[in-house]
Protein chains: 2
Amino acid sequence: MRLFTNKAFTLSLVGLAATATVAMAASHSQKGLEDAVKARHAQMQMVGYHTGMLGAIAKGEAEFDAQIVSAAAANLAALATMERATLWIEGSEQGAVEGSRAKAEIWSDPDGFAAKFGDLEKAALAFEGAADAAAVGAAMGALGGSCKGCHETYRGPKN
Amino acid sequence: MRLFTNKAFTLSLVGLAATATVAMAASHSQKGLEDAVKARHAQMQMVGYHTGMLGAIAKGEAEFDAQIVSAAAANLAALATMERATLWIEGSEQGAVEGSRAKAEIWSDPDGFAAKFGDLEKAALAFEGAADAAAVGAAMGALGGSCKGCHETYRGPKN
């Protein structure tokens, strides 16, 4: 009987937890969650755009331009330090919202996730003051590594 | 003959200016200009997303949440202060690149254009510390006005 009681108590806790999760998700409409995913994709689009711009300079496909390098670095840092509260809304993970590739670990390990954006910011700021294409090339490794480091842990497979 | 000489000189200057413009545009490939337009649209998408989020709180469609309001304000300010050198590339105006609605005035009047982003930043920062939905509502006018003020002058008609 004691086992049964414990089991009932455990089931009751699970039920409470499930209710709490539903209530939290319900505070954002499905439309709100879809919009959050689209805004994150816009953020990532801009990260990719600026990374591509720096990569083209590193590879000699685009002319070295100190102003462009500095602007790209600043914009990447601004994108990396965007407040996550409006963008990474709980309930917008892969499976729950079409197009999302966000893994549940984003919400179960917020400090680890924040650290990845810190890596991106640090990698971006390393481009500041680059004097030539070679310096841009030298900084590309850490930038690419910061993208990869986050995607490996917090991004799910292609939809 | 003097008139003719002056006219020839003027035409020659026009020719030089045209050559310079072509050379400047040529430093960015058509693909590069198209990517810049897409990145600007991503920037505007994020501005619209955060504005909509604040608007929903102002209208009582979403619950007031001080953390969300503050995060939205900070992200709008970050978007407003993005470096324009990588995004508003000369040669990517409406007509020159598919999907672009950027007017030539963006490049002929860069100070005026910069001032509009300054208006957006100021309007965004006014949301910081809003204590309730009414305070959010009170700040919406200036935010909407900053969108409208820039679009009226620097955005062309729908494509």
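A note on names: the letters A, B, ... follow the listed sequences, proteins ahead of strands, and every chain is numbered from 1.
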Student: Listing request: all ring pair (Phe, Tyr, Trp, His ring centres under 6.0 Å) pairs with a residue in residues 124-156 of chain B, at least two apart in sequence or in separate chains.
Tutor: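 Pairs touching residues 124-156 of chain B that pass the test: Phe113(B)-Tyr154(B).
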Student: Take atom CD of Glu128(B) as the centre, draw a 6.0 Å sphere, and report whether it contains more than 12 heavy atoms from other residues, nucleotides or ligands.
Tutor: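 More than 12 within 6.0 Å, yes.
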Student: Within residues 69-86 of chain B, which residues come under 4.5 Å of chain A, heavy atom to heavy atom?
Tutor: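 So the qualifying residues are Ala71(B), Ala72(B), Ala74(B), Asn75(B), Ala78(B), Leu79(B), Met82(B), Glu83(B), Ala85(B), Thr86(B).
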Student: Sub-3.5 Å donor-acceptor pair from the side chain of Ser146(B) to the main-chain atoms of Leu143(B), do we have one?
Tutor: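 Between the backbone of Leu143(B) and the side chain of Ser146(B) there is a qualifying donor-acceptor contact (under 3.5 Å).
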Student: When only heavy atoms count and the cut-off is under 4.5 Å, which of residues 114-122 of chain A reach chain B?
Tutor: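 No residue falls under the 4.5 Å cut-off.
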Student: Ala96(A) and Gly91(A): which non-hydrogen atoms are nearest, and at how many Å?
Tutor: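 Result for this residue pair: CB-O, 3.4 Å.
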Student: Without swapping roles, check the side chain of Trp88(B) against the backbone of Trp107(B) for a donor-acceptor pair under 3.5 Å.
Tutor: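 No.
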Student: I'd like to know if the side chain of Ser100(A) and the backbone of Val37(A) have a donor-acceptor N/O pair within less than 3.5 Å.
Tutor: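 No: the side chain of Ser100(A) does not pair with the backbone of Val37(A).
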Student: Between Arg101(A) and Gly156(A) (side chain of the first, backbone of the second, donor and acceptor by atom type, cut-off under 3.5 Å), is there such a pair?
Tutor: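 Flag set: sc Arg101(A) to bb Gly156(A) pair under 3.5 Å.
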Student: Can you list the residues of residues 45-57 of chain B that sit under 4.5 Å from chain A, counting heavy atoms only?
Tutor: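 Contacts with chain A: Gln45(B), Met46(B), Tyr49(B), His50(B), Met53(B).
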Student: Do the side chains of Glu152(B) and Lys148(B) get close enough for a salt bridge, i.e. N-O under 4.0 angstrom?
Tutor: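 Salt bridge: yes.
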Student: Would you say Leu87(B) and Gln43(B) make side-chain contact, with heavy atoms under 4.5 Å?
Tutor: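 Answer yes - side chains close enough.
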Student: For the residue pair Ala36(B) and Ile89(B), what are the closest heavy atoms and their distance?
Tutor: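 Minimum heavy-atom separation between Ala36(B) and Ile89(B): CB-CD1, 4.0 Å.
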Student: When you look at CD of Gln30(B), are more than 12 heavy atoms from neighbouring residues, nucleotides or ligands closer to it than 6.0 Å?
Tutor: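 It does: Gln30(B) CD has more than 12 such atoms within range.
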Student: Is there a side-chain contact between Met44(A) and Arg40(A), using heavy atoms and a 4.5 Å cut-off?
Tutor: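 No, too far: nothing below the 4.5 Å cut-off.
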Student: Nearest 0.5 Å, please: how far is CD in Glu90(A) from OG in Ser108(A)?
Tutor: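 If we round to the nearest 0.5 Å, Ser108(A):OG and Glu90(A):CD are 9.5 Å apart.
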